[in-house]
Amino acid sequence: MDQRRNEDRDAGHPRRCQALVLLGAVLVLLLAGAAPASAHAALRATDPGDDSVLRQAPRHVTLTFTESVGLLDDSFRVFGPDQRRVHTGEATHADGRSDTARVGLPGKLAQGTYTVAWRVVSADSHPVSGAFSFSVGKRSATTAQLDTGPAEDPLTRGLYDAARYLAYLAAALLVGTAAFALLCRPADTSPLRRPLVAAWWTLLGSTAVLLLLRAPYETGTGPASAFDVSALGRTLTGRPGEALLARLVILLLTAAFLVRLSGRRERRGPATLATGTALAAALALTWAAAEHASAGIQVPLAMASSVLHLLATGVWLGGLVALLLTLRRASGDLVEVVPRFSRIAFTSVTVLAVTGLYQSWRGLGSLFALTSTPYGRLLLAKLAGVAVLLLVAGYSRRWTQRLAAPAAAVRAAAPARVPQSVGAPAEPGGPGRPGEPEGPEGLGEPGEPEGPGGPVEEPAASDADRDDQRRRLRRSVLVEVAVAAVVLMITTVLTGTLPGRAQAEAAEQAPAGSLPPTTQTTVPFDTGAATLAGRGAVQVTLDPARVGENGIQAVVHGSDEGLVVVPELRITFTLPSRKIGPIDAELTDRGGYWSTNSVNLPLPGDWTMKTTVRVSDVDQVSVERRVRIEP
């Protein structure tokens, strides 16, 4: 009866494994998708300078960024003192430098203040926008709200982000499952066929969606504009579009490779492995060529590191899913397959550690940025998650070694049993005696280990031990997958955060002033709710509190001065003297604090910062404070 209960419990365990793996993937999509995608290109300088007063009208406007940027048909919008749009030339790169954007101005400009709204695409494929102003002769009053062009469409961004995360997950599953089949060589590959096909189709569909949504994502328009032929043509001539098109071609070649591989019955040789490796590397290169590794310092080394990092991630995390599916089958070759994957996983972790260390140094720029920037703090959280993942992997490795131990013992003892096999001639002086019949009755005395009573009971005990070890290995691998999902979630948020190096480079160009680089404001609030979170204070840090891009970090303290978690915190900025705003900071909950890196305050002056704290569905309060924004 107990044995039957154990069998039923084991039969239901794979279904629970599949459900938890699917739940982990969904959590990655939802949690990672909840974080806004902040671009990695930061504005370094403007010519003319922001809020500057010129004696003569400039011939052009030039922007310089921390990395290369792509230009759009409507990258610049220049508005005159009367708030009418000024006719400009086509946006180009200044002097052929990919990290600049320039637009020509008319020969004669009237006196007054001009507002420049700009929008470009950073090297990591995210659109960046902002605004600044300059004056010719003298300043004039701004009588209308600043027009920065089309706002980012939330539906387009949601669909694009969902397709992007699906592509990452599908690529990891595709590479990991194929690598598991080629390198671990399980006798029964039928459990891997369905996830392999599903991963291929998911990656193909998500890539096609990314290609269609690329143009509206860059321009900030709705999904309906995805079918504009001219916009699609412009997408195909840009680097992100070319990378997506190349990915589609590689996927077609991969399909042919997988079909041919499934039809082979002979042993998979080095040529097959080399072909699969080349296809996987080409697939990873489509990400590296269109994202942050393709810009900045040490581009060739960064792209090679990015490709290796993506491949190692796929082989490890996708291989874990393949291992879970393989462990469902009580196959005798598991004692060979599992140790092979253990060695491959160890190699993948080593590659991840080396490439991750290099990419962290490239993104941070200094150890100080590890604790002083949001990018560095997210990196610390990722390192903590990886440490937990390695700890769990150590337990998996222990059960792997125990599972492989019986097979090693059997192989070591096999030569000693060969002389006593059925039909083998007896050696002189051996246990066999002339004249005795050969066969099962003549293998030895009834009490000897090789008699009928010995070999029957020992394998039964060994099988029971291996079943228990296999169940324990399934549990530890399942925990690995769950922790890996959390690490992947942190990674996706990290890729959407401004690197510390770019933030430092942008700060170096900030104009000098008498104020400190950050402004800290304490905003007390009282919602009337009888809870610790109902009354307290919000500590808001504005960095650098100057015209242009600013970062915000906000921490909510309760009535006991301890940190509290609130469901919503919103901060907006308004400049009443120039009738600008409200500008929503669009804060993101980082788990303990709220932050953003992309608040564009285009003009200096005394801004009104409105802080709204919501502690429940019905209890919220808004408090206003003045903050000084310097030129």
Side-chain angles (χ1 to χ4, degrees), residues 17 20-21 23-25 27-29 31-32 34-35 165 168-169 172-173 175-176 292 305-306 308-324 338-339 341-402 472-497 499-501 563 589-593 595:
C17 290
L20 288 176
V21 171
L23 177 61
L27 285 176
V28 170
L29 289 177
L31 295 178
Y165 299 137
Y168 272 116
L169 293 175
L173 183 59
V175 172
H292 194 65
S305 174
S306 179
L308 290 175
H309 198 83
L310 288 171
L311 289 179
T313 300
V315 171
W316 186 20
L317 301 186
L320 283 175
V321 177
L323 179 61
L324 273 177
V338 174
F341 178 76
S342 179
R343 292 190 293 268
I344 294 170
F346 179 79
T347 304
S348 300
V349 170
T350 303
V351 174
L352 284 172
V354 174
T355 56
L357 182 63
Y358 169 73
Q359 292 176 2
S360 300
W361 168 82
R362 188 172 182 265
L364 285 172
S366 66
L367 289 177
F368 176 73
L370 193 62
T371 56
S372 61
T373 63
Y375 183 88
R377 287 187 285 270
L378 279 173
L379 184 60
L380 287 177
K382 178 183 177 180
L383 292 177
V386 171
V388 175
L389 186 59
L390 293 177
L391 180 63
V392 179
Y395 284 98
S396 297
R397 189 174 181 85
R398 178 186 303 177
W399 294 116
T400 297
Q401 293 171 348
R402 294 184 181 181
R472 293 176 182 270
L473 180 59
R474 277 202 301 264
R475 296 190 187 101
S476 61
V477 172
L478 184 60
V479 175
E480 276 191 81
V481 173
V483 178
V486 176
V487 174
L488 186 58
M489 178 195 67
I490 299 175
T491 302
T492 52
V493 177
L494 188 65
T495 57
T497 305
R501 184 184 294 273
L563 296 179
D589 188 2
R590 303 294 186 184
Y593 70 99
S595 71

Starting at CG of L352, measure out to CG of L357 and round the result to the nearest 0.5 Å. 12.0 Å
CH2 on W316 to CZ on F346, rounded to 0.5 Å: 11.5 Å
Quick one: does H309's side chain get under 4.5 Å of V351's, heavy atoms only? no
For L323 and F341, the nearest pair of non-hydrogen atoms, with its separation, is CD2-CD2, 3.7 Å
Closest heavy-atom contact between Y168 and L310? CE2-CD2, 4.3 Å
